[in-house]
Colleague: 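Below is a structure I'd like to ask you about.
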Amino acid sequence: MEESYLRRAISLACENVAAGGGPFGAVIVRGGAVLAEGVNRVTALCDPTAHAEVTAIRAAGQALATHDLSGCTIFASCEPCPMCLGAILWARLDRVIYAATRADASAAGFDDAAFYAELSKPPAARRTPVEQALAAEGLAPLLAWRQFSAKVPY
């Protein structure tokens, strides 16, 4: 049964290429039911975060009316990039099952190796400089969050 969900993600990716989009698709399943599907919409939406996994996570969150996708599995046509893996972790998905590897994606022109390399460097040494400023003032929203009694944890 799980292979059918992965085949659906692959099919979505192929359909998206035919429609002018990127070659990535994702399906989120919970309890044997498909909750959401997503395809790469980066160029269509002019949104660099609109990867297939992210669009599927957004749709699943809307379908369940929650940001917590515990109990769900994501099936992706390709190994998730660092951004998508971060989104998967934040969404609390239980499992990731993918078809093509990041090496396969690289061979097709989608090379995430530079991103993995950047993440392993200290912030000050990254290609895009990352600096801290207003450290003390930056604590104010976090303190407000800690003291807010009606917060929804995530």
Colleague: Under 3.5 Å, side chain of N16 to main-chain N/O of A13, donor-acceptor pair present?
Modeller: no

Colleague: Are E3 and R8 ion-paired here, with the side-chain N under 4.0 Å from a carboxylate O?
Modeller: no

Colleague: Apply side chain to side chain contact (heavy atoms under 4.5 Å, CB included) to C78 and Y98, showing your working.
Modeller: CA-CA 5 Å; C78 190; Y98 64 88; 5.9 Å; no

Colleague: Measure across A99 and I10 and return the closest heavy-atom pair with its distance rounded to 0.1 Å.
Modeller: CB-CD1, 3.8 Å

Colleague: For G25, does its backbone N or O pair with a side-chain atom of S77 as donor and acceptor, under 3.5 Å?
Modeller: yes

Colleague: So does W90 get a backbone contact from the side chain of R92, meaning a donor-acceptor N/O pair under 3.5 Å?
Modeller: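 Checking the backbone N and O of W90 against the side chain of R92, a donor-acceptor pair under 3.5 Å is found.
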
Colleague: Is L6 linked to L12 within one hydrophobic cluster, defined over Ile, Leu, Val, Met, Phe, Trp and Tyr using a side-chain heavy-atom separation of less than 4.5 Å?
Modeller: yes

Colleague: Looking only at heavy atoms, which two atoms of T55 and G38 are closest? And how far apart?
Modeller: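 For T55 versus G38, the nearest heavy atoms are OG1-CA, 3.3 Å.
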
Colleague: Provide the closest heavy-atom pair for A56 versus A36 in the form atom of the first, atom of the second, distance.
Modeller: O-CB, 3.5 Å

Colleague: Within a strict 4.5 Å, meaning less than it, do heavy atoms of the F75 and E53 side chains meet?
Modeller: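 A side-chain contact is absent here, since even the closest heavy-atom pair is not under 4.5 Å.
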
Colleague: Would I57 end up clustered with L35 when hydrophobic side chains under 4.5 Å apart are linked, directly or stepwise?
Modeller: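 Linked, I57 and L35 end up in one cluster.
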
Colleague: When you compare the side chain of L64 with that of L69, does any pair of heavy atoms fall below 4.5 Å?
Modeller: yes

Colleague: What's the shortest heavy-atom distance between C84 and P80, and which atoms?
Modeller: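 What the structure gives for the nearest pair is CB-CB, 3.9 Å.
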
Colleague: In Å and rounded to the nearest 0.5 Å, what is the CZ to CG distance from R146 to L139?
Modeller: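 Those atoms lie 9.5 Å apart.
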
Colleague: Is the backbone of P23 close enough, under 3.5 Å, to the side chain of N40 for a donor and an acceptor to pair up by distance?
Modeller: no

Colleague: Is there a side chain to side chain contact (heavy atoms under 4.5 Å, CB included) between I28 and L93 once you walk through the steps?
Modeller: CA-CA 9 Å; I28 296 179; L93 288 152; 4.2 Å; yes

Colleague: Decide if atom CD of E15 counts as having more than 12 heavy atoms of other residues, nucleotides or ligands within a radius under 6.0 Å.
Modeller: yes

Colleague: In Å, rounded to the nearest 0.5 Å, how long is the span from NE2 of H51 to OG1 of T49?
Modeller: 7.5 Å

Colleague: Do any N or O atoms from the side chain of D94 and from the backbone of G71 form a donor-acceptor pair under 3.5 angstrom?
Modeller: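 Judged by distance alone, yes, a pair lies under 3.5 Å.
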
Colleague: If you apply the rule side chain to side chain contact (heavy atoms under 4.5 Å, CB included), what do you find for T73 with R30, and how did you get there?
Modeller: CA-CA 6 Å; T73 298; R30 183 161 110 182; over 6 Å; no

Colleague: State, yes or no, whether a side-chain contact exists between P82 and Y116 at a heavy-atom distance under 4.5 Å.
Modeller: yes

Colleague: How about D68 and S70: does a side-chain donor come under 3.5 Å of a side-chain acceptor?
Modeller: yes

Colleague: Looking at E79 and R102, is any side-chain nitrogen of the basic one under 4.0 Å from a carboxylate oxygen of the acidic one?
Modeller: yes

Colleague: Could you give the distance from SG (C81) to CD1 (I88), rounded to the nearest 0.5 Å?
Modeller: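 That separation rounds to 8.5 Å.
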
Colleague: Would you say the side chain of V152 lies within less than 4.5 Å of the side chain of Y154, judging by non-hydrogen atoms?
Modeller: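 No, side chains not in contact.
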
Colleague: Is R95 paired with E2 through a side-chain N to carboxylate O contact shorter than 4.0 Å?
Modeller: yes

Colleague: Side chain to side chain contact (heavy atoms under 4.5 Å, CB included) for R41 and V39? Distances and angles first, verdict last.
Modeller: CA-CA 6 Å; R41 306 278 294 145; V39 295; 3.6 Å; yes

Colleague: When you measure from the side chain of K121 to the backbone N and O of R126, does any donor-acceptor pair fall under 3.5 Å?
Modeller: no

